[in-house]
Each structure stands twice: as C-alpha cells, then as structure tokens.
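Here's the structure, in structure tokens; my notes come after.
Each chain gets a letter, A, B and so on, in the order its sequence line appears, and its residues count up from 1.
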Amino acid sequence: MFAFERLDLTDFGPYKGHQSVEFAPPGFVTVVYGENMRGKTTLLNAMRYALTGVVVGRGSEKPATRLIGNWEAAEEGRFGFAVALRFAYDGKTYEIDRICRPRKGVQKPDTDDDYEHEMFVVRDNKTLGPEESALVLSEVMPDPVVRFFLFDAELLQEYETLLRDQSDMGRGIQKAIEQILGVPDLTDSRASLRRVLGEIQERYSKAAGKNAKSQQIANTLRQSLERRGLLQKQRLEQGEELRRLTQERKKARDALRRYEKARNIIDEKSRLAQEKSNLSEELDRKREQARSLFEKAWLWAVMPPLEAAADAARHEVDAERKRDSRERIGAELRRLAAMSLQKDTCTLCGQPLAESARTHLEARSGEGGPESAGASASPTTSAARLADLSGLIEPNHLPGLLSVLGEVEQIRIRISQKTDLLAEVDQQAAGMDESALRQDMASLELAATQIGLQEDGIAKIEKAMQENEAAITRLEKEVDKLNVPEMDGIRRQKDLAANLVSLFDKAVEEYREDLRRKIEQDATQFFLELTTEHDYGALRINENYGLTIVHRDGRAIPIRSAGAEHVVALSLIAALQNNAPVHGPVVMDSPFGRLDEQHKRRVVRCLPQLASQVTLLVYRSEVDPQVVRQELKGKLGREYAINRISARHSAIESESGGAHG
Amino acid sequence: MMTELEGVLERIRERTFPDIPSDLVRDVLDAQRSSQDQSAVVRRIAELIALNSEKDS
C-alpha cells in the first residue's frame, strides 16, 4: 500500500510562507476547492516536484526556477522554496524533502544556474543515503508512471493517442502503462538473462575450441559470437542515434508548435490593427456627422415660435389666395357681361339678349373690382414672410445628434478594447524570431528523413542479428552432438540460461496479454458505471492499450466527444490502478471541465473505487460541493479551500466537512 | 503470496519448462528487483545459474 499522509510547502508558487495539507487515509477522498489561479495545479506540481524533482508548466514545459518560488517572498528577499511529502509505503513511513535555494554568493538569483537543489529521503525517521534514496524514488513512483497518479484534464486527453498509430507520445504512454503494471520486472530480467547467456556462450565456445573434435565448429561459432557483439554494438549505436533524432524531431515539433502560436499571434495582431484602423475611420465619420448635427441642433430651442409664426403666415397666404381667386372670377364675369352688352348677344350661349337680361348685365358690369373696393395689403408680403420662415424651420436634429454621440462612444470603447488586445498580443509577440522558426522547420524535415533512413538501417541490422542467432544455435547444437565430456558443466549452464530466456520471453508475451484482457475487463466495468449512455456495451483494448467504445450491437463507436474521451481515460486509469502491483494515491486536477452534470455525479460517486486514495483539486463551479458531499457521503475524508490573500499569495484552509476534517 | 506476474511465470514454467526449478525463477526476479546496478544483477543471475546447473549434474 502506498498512501500520501501530508504535504508541506514553503514559498512554493502562491503558497507564501509555510503551509500544509493533511491527506485523508486510504479509502477516503480529500477535496481541495480553489478558484482559477489560486494554486490547485501548483499543489499537484508540489507533489510531482517532491516525487520526481520536476515541475511542469503549461504545455508540459518546464518553468524557470525563479518563477516557481513565491513572488512576494522574493520581493521580501526570500528566494527559493521547499516541499516535503510524507507517505506510507510497504508498511514504512517515508518523507521526501526537496529544497531549492540560491547558490552560495548569489544575492539575487535569476537563471536556473543561480539555484541549487537538495533532496533527502527519510525512512522511519532515518535519513537514507543517496543511492538508497534513488532506489526508493524509482520504486515508489518512477517518473514515467507519475502521470497515472498525478494528472489533469490535459494529460487525460493524451490517452487518445493510444488509439492512433504509434506516435512518440503513444509509445511513451504505452511504456509508462507497462511500467505501472510491472512489465519491466520481466523485460529487465529477460535482458539480464540474455547477457548472462551471452557470457556463458562465450565460455562454451572457448571450451569447444580447446577440444580437437569441436575445434573447427568452435572457430565458426566464435566468429558468429564476435559478429553478434558487433551487430549488438551497431544496433545500440543506431538505437542511440534514433533516440537522438527522435529528440531532435520532438524539439523541432515543439518549436513549430510555438511557431504556429507565433503565426497566430502575428495574424491576430494584423487583424486587430486593421479592425482598429477601420474603427478609427468610422469614428472620424461619426464625429463629423455629430459636428454637422450640432451646428443645427441649437435651432431646436427657437423652433416653436418660428413654427407658430410660419403657421400664421401660411394662414394669411391662404386667405389672400382665396380673396384673390374671388376677385379674378368677378372681373371675368364683368368682362363677359360687357362683351355681351356690346354685341347684344350672350357671349356664352350666342342667343340675343332679352331686355331683362340686358338690364341685369348692365347692373352687374357696373359693379367695382378690388381696386374700386379699396385693395388690402400686397398679396406677396405674407408669402414672402412664409418663405423666409420656412427657410429657418429645420427638423429636430437633437435625437439624431444624441444617437450619433452614442455611436461615437461605442466606437471609442471598441477602439480602446482593440488597443488593449493589441498591447497584449504585442507582449506575446515580443522576442519572436522568425529566422529561428524557419530553421526549426528545416530541422524537422531533416530529422524526419534521417529517422526514416535510421529505421531502415535498424531493420537491416535486426534481420542480420536474427540470421546470426540462428547460426549460433545451429553451431551450438552441432557441438552438443559431439558430447565432449569436459563441456558438460558449461553446456548445462548454457541450456539452463537459454531455457530461462525462453521462459521469460513467453512470460512477457503472456503477461502482456493477461494484462490487456484484465484492463479491458476492469475499464469496461468502470466505464459502464460512469457513462450515462445505455447503448454503450463495453470498451475494447488494442495492442497499445488504447480503448475503443463498443456499442451493444458489437460495433465500435468511431468518433467520441471530448467528454466521452475523458470518461474512457478515467476508466483506463482505474483499471491500471486495479492491476498495478502497487496501489497508489491519485491526485486529479480540475478533471470535470468537459463533463456534464450527470457524468460529474457519477465520477464523484466512483472516486473511492478509482484508487486506494483520491485527492480532488477542483473549482466550486466545476463541481458543486453539495454534490460532492451527497455522492461521497462517508467517503469524504477531508475538505480544504485555497483562499486568496493577494494575487501572489494563497492560503490553504481546512473546511469543516469530511470524516477526517 | 504470489503476485500476478509471478503466477504467469510459474504457469509457463510448469507447462513448458518443468526442469527449471521454481525457486530459480523467483530468485532471478528478486535479483533483478533488488538492485539498479545492472552488472551486479547479471553477476548474481550468473551465480544462480551456475549453482543450479551444478545441482543437476
């Protein structure tokens, strides 16, 4: 049994001064709540640092040492940090203490070289020597298997690579899976046995050379053994070279990933600059519009009296028009009456005028027009006043002006936002070196070509090795047949060693097969408890330990969501924990981000079965503390909250809940 | 108690290599687990094989 007991931190990340977490015992869950940027991932990193000496930043990059220590403490002149992790393992109590401090003579450390690291392992109150300490660390939690004990959502996502073709990452995870399951015990034993067999075969060939009967075969055998040594050396060198090239490729890929980021930053910068420029032009146009509207907006105040005066003028003009019209009709009638009297015939119907009509027309034609009746004021006066007033009357520009001013304000806000974003992007773009990035692209291409050639070379060497091994076996059998009595002892050793190699060969194969079957079975059981999809029937494992969801009808689900990916990854971890020789503690950092409420509940409920001891680092909106309490019930061991003291200072405080709180 | 891994080794030994002593298989595994010094492990395994082959003679 392996279980964390207590973690002590000093000036580590946001944990200023000395702070500690006591873990709930095996069988119980410890929950630490903390909002973003309060230090949940730092707690995970503190445990990783204690166990492996490594701190991992975003994107799996190693942060600078000066950034790991507490910034406020550094401002107060305290540089460096310390972490102590106490745990129980195999019936004993251990404590790993790691201290990072400035080297002697360094007043204000800056680079990683300005710091020195110290590590002690204490077992049952006795400090171990360096060799024993290293052995304990490699046994308890070797670096590659840490990922199954301390993980976040980003790491869970990586398990998807196990489903694809063999990638560098996939191979690494596969190796780590086999390590946690104890496969290296077998593969390392087999490698040692092969070395022992090789040494025995050398002695066997020498013994055969001393005997006249077997001397001739022994010469050929010795040549084959020498060739074996040569081929093994070449294979080793080629393997080393392949590793180096793979590293080169990884470095170039990482750099290109950064380049991708840099290119995105440059694109973003150009886009933001263009948007800002467009907004500035729009702002100028709107300001001009506002200025123009403002020039006329004051008229709004004098508009009512002007409109009243214009109305009065309009009435006068109308009245004048009516009067004018009546006068024109009267004059026309008089003119027609005069004409009729003159011709003694009606101008309109052409009939001779009767006496009575003549009398009437004489009377009407004598009536006076407007001139005779005393004319009123000139008809043009009112019309001219109306025209003057109409020229002054404007529509109300005030609402339009207010609207344009509102738009101006909005544009100014957007420009200010773009300016802030540009400043941020500028900061990200600082220090980018395009020529270095182009060099990385060339390196990647070169490494890919060289890796291909190297792999071809290795395949040829391995084929030659196989042929040589077959020749050695054949020659040894020929020597065996000669039954040289002096060689009995060494022959027995050779046969025993060869049989042991074969036994371990078969065991590696069978153990891997057994593990795959058990992991598939356990992961399926866990998955079915976690998933809310009733049509999912099982998980199917592949050669690389990748897991595929299988529908009840037996068909594989080809595409799965990020949430499903997460659930599958958790199922794999649970199955690995269940099948590993050592059952250890699991610490999960914000693992619920991609899960819906139902899945969150189910995962929380299953936490006590996931591993022997679980610590959950979450933010409250990721999973409701009430849900945690309801689902875990008596299995909730301790609850902590990471509280903000300042932006660079967080405090771990125990909450009242939990069976061991 | 035999671990899963030891169980697999024993199963194959019984089935395919009954002449190999069970203790020797376990001792090889223990030698491998007990040290990180690969040369020391190889020496120890060579000793174990020499001892066991003498027993057979």
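Residue B:L24 touches chain A through its side chain alone, counting heavy-atom pairs closer than 4.5 Å. At a 4.5 Å heavy-atom cutoff, the contact between A:E199 and chain B is made by side-chain atoms alone. Residue A:I490: no heavy atom, backbone or side chain, is found under 4.5 Å from chain B. Both the backbone and the side chain of B:V42 come within contact range of chain A, with heavy atoms under 4.5 Å apart.
Heavy-atom neighbours of A:Q525 CD from other residues, nucleotides or ligands within 6.0 Å: at or below the threshold of 12. Counting non-hydrogen atoms of other residues, nucleotides and ligands closer than 6.0 Å to CD of A:E509 gives a total of 12 or fewer. Atom CD of B:E4 has 12 or fewer neighbouring heavy atoms from other residues, nucleotides or ligands inside a 6.0 Å radius. Applying the 6.0 Å contact sphere to NZ of A:K213 captures more than 12 heavy atoms from other residues, nucleotides or ligands.
The closest side-chain heavy-atom distance from B:Q32 to A:D185 is not below 4.5 Å. Looking only at side-chain heavy atoms (C-beta outward), A:F504 and B:V25 come within less than 4.5 Å of each other. Residues A:L193 and B:V28 have side chains in contact (heavy-atom distance under 4.5 Å, counting atoms from C-beta outward). With a 4.5 Å cut-off on side-chain heavy atoms, A:L496 and B:F17 do not count as touching. Counting only heavy atoms from C-beta outward, the side chains of B:V8 and A:L186 never approach each other to under 4.5 Å. Using a 4.5 Å cut-off on side-chain heavy atoms (C-beta onward), A:L503 and B:T16 make no contact. The shortest side-chain heavy-atom distance between B:S35 and A:E131 does not fall under the 4.5 Å cut-off. Between A:D514 and B:R11 the shortest side-chain heavy-atom distance falls below 4.5 Å.
Between A:Q493 and B:I49, the shortest heavy-atom distance links the atoms O-CG2, 3.7 Å. The minimum heavy-atom distance between A:G182 and B:L5, with the atom names listed, is O-CD1, 3.2 Å. Residue B:I45 comes nearest to A:S192 through the heavy atom pair CD1-CB, 3.6 Å, listed as atom of the first residue, atom of the second, then distance.
One finds the OG1 atom of B:T3 at 6.5 Å from the OH atom of A:Y511 (value rounded to the nearest 0.5 Å). Between the CD atom of A:E510 and the CZ atom of B:R15 there is a distance of 4.0 Å, given to the nearest 0.5 Å. The CZ atom of B:R33 lies 13.0 Å from the CG atom of A:L135; values are rounded to the nearest 0.5 Å.
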